[in-house]
Structures are given as structure tokens and as C-alpha cells.
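When a ligand or atom number is given, it counts from 1 through the structure's own listing order.
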Amino acid sequence: METNERKYSNFITEIIDEDLKSGRYKKVHTRFPPEPNGFLHIGHAKSICLNFGLAEDYGGLCNLRFDDTNPEKEEDIYVKSIIEDIKWLGFDWGDRLYYASDYFEQLYEYAVQLIKKGKAYVDSLSAEEISEYRGTPTTPGKESPYRNRTVEENLDLFERMRAGEFKDGEHVLRAKIDMASPNMNLRDPVMYRIKHAHHHRTGNKWCIYPMYDWAHGQSDSIEGITHSICTLEFENHRPLYNWFLDELGIHHPRQIEFARLNLNYTVMSKRKLLELVENNYVDGWDDPRMPTLSGMRRRGYTPESIRNFADRVGVAKRDGIIDIALLEHSVREDLNKRAWRVLAVLRPLKITITNFPSGETEWLDAVNNPEDESYGKRKIPFSNEIYIEEGDFQEEPHKKFYRLAPGREVRLRYAYIIKCEEVIKDENGNVIELKCTYDPDTKSGSGKSNKKVKGTIHWVSAKHAIDAEVRLYDRLFSVENPAGDKEKDFKEFINPNSLEILQNCKVEPGLADATLDKHYQFERTGYFYLDSKYSTKEKPVFNRTVSLRDTWAKIAKKK
Ligand code: ATP
Ligand code: MG
């Protein structure tokens, strides 16, 4: 395929182009290899978009493979959630859903081959001794006294390890490479350890489990992967993966490393996210404040906006931190195109319109989406009692306040201009109601009057509005890099105001039929999405996906 027909161009595609040109590979075959020990987050989404995106771009294939080599931390619920999340993002692995555990038998055979070649041995040092013997990056390691066991002895011990004759930790299988290598990964790395543990797929069949470093490269090879794309921390592991593949003489994928995606104001390590979930700092993995795909979905992020974001950040060879405002910008950009505009009042203040006949309803035209005519129009009810936003009235208006105040006029969106005639207070002096008059000649779009006012506000008819709960979110952490201070626990930086629940919101009647396949813009207050967990038919609950103010656009303008 010609370069100019493709969507992507970066240092990875340059390498792939070279490989196709030189004939090293004839097609492109990638994979996304999650470990099922947590839910996917936005960093994983970057990797998914990259691997599936490259395959699409080159007319190749991308597999989904669970790297399930660690029985203790892995569970089926994670497998299910990962599958759901990748589908939701819009990628398809066809019939190529694999598990590293599918290859346990093959990996065992490969290990036997290495033992027979004198390239692997059973070591009986303890874990502490092994780590002590490894040396440090600046001093060479020491060879284990068991390193020169005969092939026969190694084969016998390895077979008995598999048969369950030994306890956890009694022996390990190690590659015989070089205890003095400047690359610590080549100092006779452990290939198998004994673990009498139940595995989510193989049950109790195995009591020896391959180490990630032993399983990963061979799994890629078995699947005929051409380009093993992974994050930078594996750069130092590449010589080891190459060594294994060369010693075994099997298909050799090319490994390419890129920088992890990091976002400010969040944490991305699965261990830390699990900590937040297990200690109830958040409402599960899908809490709308979490950087997980399930959290973002619940909050109302769209797959398209996440994919656009992933494309925008591109791929880098050095670690950096991306501003979360860029992600939110991508979300707004997409929602602006697709959201249904509605009127909803979050903090209601009642208004009685004294010159509008009580008991009467006027149905007014409202536009569903100014960005897209095909969304059409709807009718919204107007009556003598309405709610406006508390914040749209000031008894003593400050200088630049152009909305409602005693004696002042304001336009009601899609309706009329009203004038505040009287302020009613409770015994504590709080404003509880306004009495206003409306000017019947100022109906929006009627062209009757050319009266102009500076402010337009949103409102709902009190009689017709339905009750709703609204959840407003702020960043989960109050500092840019919550995990950056090694002296402090990242949980100390949790933002105590990251969730605000408003119970008494009033929304236009059509929202009684809100569904999860629609995104809404509550005019002037943000983009909202029905909460899949707490919403009921009686009382819908809406999550604010993002506010309307685009901080990224501002930053970009300044630059
Ligand atoms: P762990 O520490 O448990 O290995 P992990 O985040 O690397 O955590 P994996 O399940 O191994 O989780 O990740 C699956 C794939 O996603 C890997 O190929 C990994 O490189 C990639 N990945 C994980 N985090 C990021 C990130 N922040 N940016 C880009 N890719 C990522
Ligand atoms: Mg990993």
C-alpha cells in the first residue's frame, strides 16, 4: 500500500514501511496484549487505537490476547470488562481472541528444548538468594551453584516441578545466558516458578507458571505477530526476547517501543486504581471520575472522542505528560456535533409570570441541534410558573451582570423577554421567588418587536418540568501529578470536591425519555449523559460529562 493512502505516519510506520519494503514481512499483524488484572484505562486505549489502527491502516490484522500468566491476580470479570471496553471503542479482533494460557503446553515444550540445548537449568536457590546473586547494574552477578546441572538432571527436575512434587519456591527454571551481562534482564532470568494456585482458565492443571518475559515474546511468535508494539519499559527486555526467539529458531516479530500515555490530574497504574476501588474512594472501576474506559463511558465520553484524542497525542519515543484538557477538548468537539440541546435548571429559583394566564400552556419551538439541521425541532411548554437558575438572578447586580435583577429585563431562551417586578424572600431574607411580567410582543423568532436585551437565560416550565438528579464532577486529584511525590501517598491528593450531587434539578419534560444512546447538552451548563447505574424511571440521574468551557482551545490560542 502506498504511504500517502494511509492515515498514520510516525516513527513506527517508518519502521513498518521499511520492513515491508525489505520483504522482512509481507503483511502487518499486531496484537493488544492486556493482563486481565484490572479494568482498561485511557492509556490502554492509546495502545488499542495504535495496534488496531495500524492493522487497519495497512490492511492487516490485530489480535486480542490476554497475557494471563499470573494466576493470583487475574479474574474473569476483568476479561469480560476488557472485551466489552474494546468493542465499545469500536475495534474488532474477528475470531482471534487468544490467551497466553492457551500456549502453556507449547511454552513447556519450548522450555524443554532450551534445557536440551543446555540453555536452561533448574535452580534451587531461594528467591532471596537469586536476587542477591543477580548483582547490581554496576557489579556483575554470581553464578548459581546449580547452574551446571546436567541436561538429564534438569529435564528430570523440570518434569517433576510440573508434576507437583515440589513446594512453591523450591525450584525455578532459569535461562542460562550471562550472569555478568550489563543488561540485568540477561542475568539468567527466571522462566518458570512453582505456584500451587488456581488459574482462571486452566484451573488446577498447572502448578508451574511461565514468567511474563518468557511467555510474552513466544506468544507473539506463535500468533505470527509481525510488529510487537509495546511501551518503553520493555526496551531493556528486547535483547532477552530476541535471545529466546533465536535460541528456539522460531518466527521473529519486530518489537517497537513507544512512550506510555500519561495524563495530568490522574493516576494510571492499575495497582493504584485498584486501591481506589477497594478502599471505596470511588464508586467502583466505572466511577465517572476514573480514567477507566468504563468510567468514561458512564460519564458520557464517546468512543469517537477517545479515538480522536489517541490520534491527536500521536506516538512519542520519550515519556511526557498530556494535559487532560486536550482529552476534554476532544470530548466537547464530538459532543458539540452529536448532543441534543435541552433546557434544564440545576439550582432552581421559581418565577411567577403575573400577566400570563394561569392554567394556560403555550408550546414554543426549540432547536434540537444548531450544528445539524437533521435533528429537527421540538415543542417546549411555557406557562405562568417557571424555574430559572438561581445564579441568573442578582438582587444587587455587580457591574458586568447582564441577567435578571430587580427592575431589569432578560430574554428567556426560545420564549419571551421578562421583567423582574418583585422579589419575595423567606423569613431569613433568602430570595425564594420572583414575580415578573412578560412582554407578549417579544416572542423569539416572531419578529414583532425589536426590543434588545443583553442576557439570554435558560428556564423550564414549573408545571411541566420533571425532577432529576445531576452529578457534577471535578478532577479526582487536586494536583497535577498525584503519584509524583514519593514521600506522600497519592491518596492524600484526592480532591474532596470531585463529586457534587444536586438532588432538586428541574429538566424539560422530554428528558423523561432520555436514553443511553443519546448525549445531551443542557444549554449553558454543559454536556450530560444518563447515569447507567443510578437512574430510575421515576427520577433520572444525569452525569455532567464536561462543562462547556474549553480550556484547551484557550491554551492553544495563546500558543
Ligand atoms: P501492569 O503493570 O499490570 O503490566 P499495564 O498498564 O502495563 O500494567 P497491561 O495489561 O500489561 O497493563 O497493558 C496492556 C497493554 O497496554 C500493554 O501493551 C501496555 O504496554 C499497554 N499500556 C498500558 N498502559 C499504557 C499507557 N499508559 N500508555 C500506552 N500503552 C499502555
Ligand atoms: Mg504490562
Side-chain angles (χ1 to χ4, degrees), residues 10-12 30-55 62-75 77-83 85-86 89 91 93 97-101 200 210-213 215-217 219-220 223 225 227-238 241 253-277 285 290-294 296 306-307 309-324 326-327 481-483:
N10 51 47
F11 76 92
I12 297 179
T30 57
R31 84 288 176 259
F32 175 65
E35 185 182 347
N37 61 352
F39 281 53
L40 296 180
H41 54 57
I42 183 78
H44 294 116
K46 170 68 225 176
S47 176
I48 294 166
C49 292
L50 183 59
N51 279 295
F52 282 93
L54 284 170
C62 181
N63 298 355
L64 170 59
R65 180 179 71 242
F66 288 100
D67 262 333
D68 54 351
T69 52
N70 188 356
E72 279 139 358
K73 289 189 179 158
E74 295 160 3
E75 291 173 31
I77 51 155
Y78 298 132
V79 169
K80 288 205 184 86
S81 75
I82 290 170
I83 287 177
D85 287 349
I86 305 175
L89 267 186
F91 296 108
W93 49 88
L97 167 60
Y98 302 121
Y99 295 83
S101 55
H200 77 121
M211 299 298 289
Y212 181 85
D213 273 350
H216 188 75
S219 300
D220 279 351
E223 291 178 13
I225 299 306
H227 296 88
S228 301
I229 295 163
C230 58
T231 39
L232 287 179
E233 70 273 22
F234 291 102
E235 199 169 356
N236 282 331
H237 297 237
R238 176 153 35 100
Y241 297 172
R254 179 195 290 284
Q255 175 170 318
I256 307 169
E257 303 89 11
F258 73 103
R260 262 175 194 266
L261 168 71
N262 295 305
L263 275 187
N264 58 7
Y265 296 102
T266 189
V267 293
M268 212 94 96
S269 127
K270 279 193 269 189
R271 190 181 54 73
K272 292 196 175 73
L273 295 174
L274 180 64
E275 220 177 307
L276 294 175
V277 172
W285 283 97
M290 291 279 271
T292 53
L293 295 182
S294 47
M296 292 179 174
I306 294 174
R307 293 208 306 263
F309 168 72
D311 286 351
R312 268 195 180 123
V313 298
V315 285
K317 281 195 230 189
R318 270 198 295 151
D319 280 317
I321 298 180
I322 301 290
D323 194 334
I324 196 165
L326 178 60
L327 173 60
N481 187 2

Pi-cation contact, Phe52 with Arg307 (under 6.0 Å, within 45°): no
Per-atom contacts, ligand 1 versus Ser47 - under 4.0 Å to a heavy atom: 16 (O), 21 (C), 30 (N)
Atom pair CD1 (Ile42) and OG1 (Thr292), whose distance is rounded to the nearest 0.5 Å: 10.0 Å
For atom 30 (N) of ligand 1, the option (of Cys230, Gly43, Pro33) bearing the nearest heavy atom: Gly43
Any residue meeting side chain to side chain donor-acceptor pair (under 3.5 Å) with Glu235, in chain and number order, not counting sequence neighbours: none
Trp285 and Phe39 aromatic ring geometry - parallel, tilted or perpendicular at 30°/60° bounds: parallel
Whether His216 and Tyr241 hold their rings parallel, tilted or perpendicular, with breakpoints at 30° and 60°: tilted
Best match, Glu257, Arg271, Lys270, His41: closest heavy atom to atom 3 (O) of ligand 1: Lys270
For ligand 1, the portion of Asn37 having any non-hydrogen atom under 4.0 Å away: side chain
Heteroatom distance test (Leu261, ligand 1): nitrogen or oxygen, under 3.5 angstrom: yes
Contact partition for Phe32 relative to ligand 1, non-hydrogen atoms under 4.0 Å: side chain
Enclosure of Lys73 NZ (heavy-atom neighbours >12, cutoff 6.0 Å): no
Residue-ligand contact Tyr212/ligand 1, heavy atom below 4.0 Å: no
Arg260-ligand 1 polar pair, N/O distance under 3.5 Å: yes
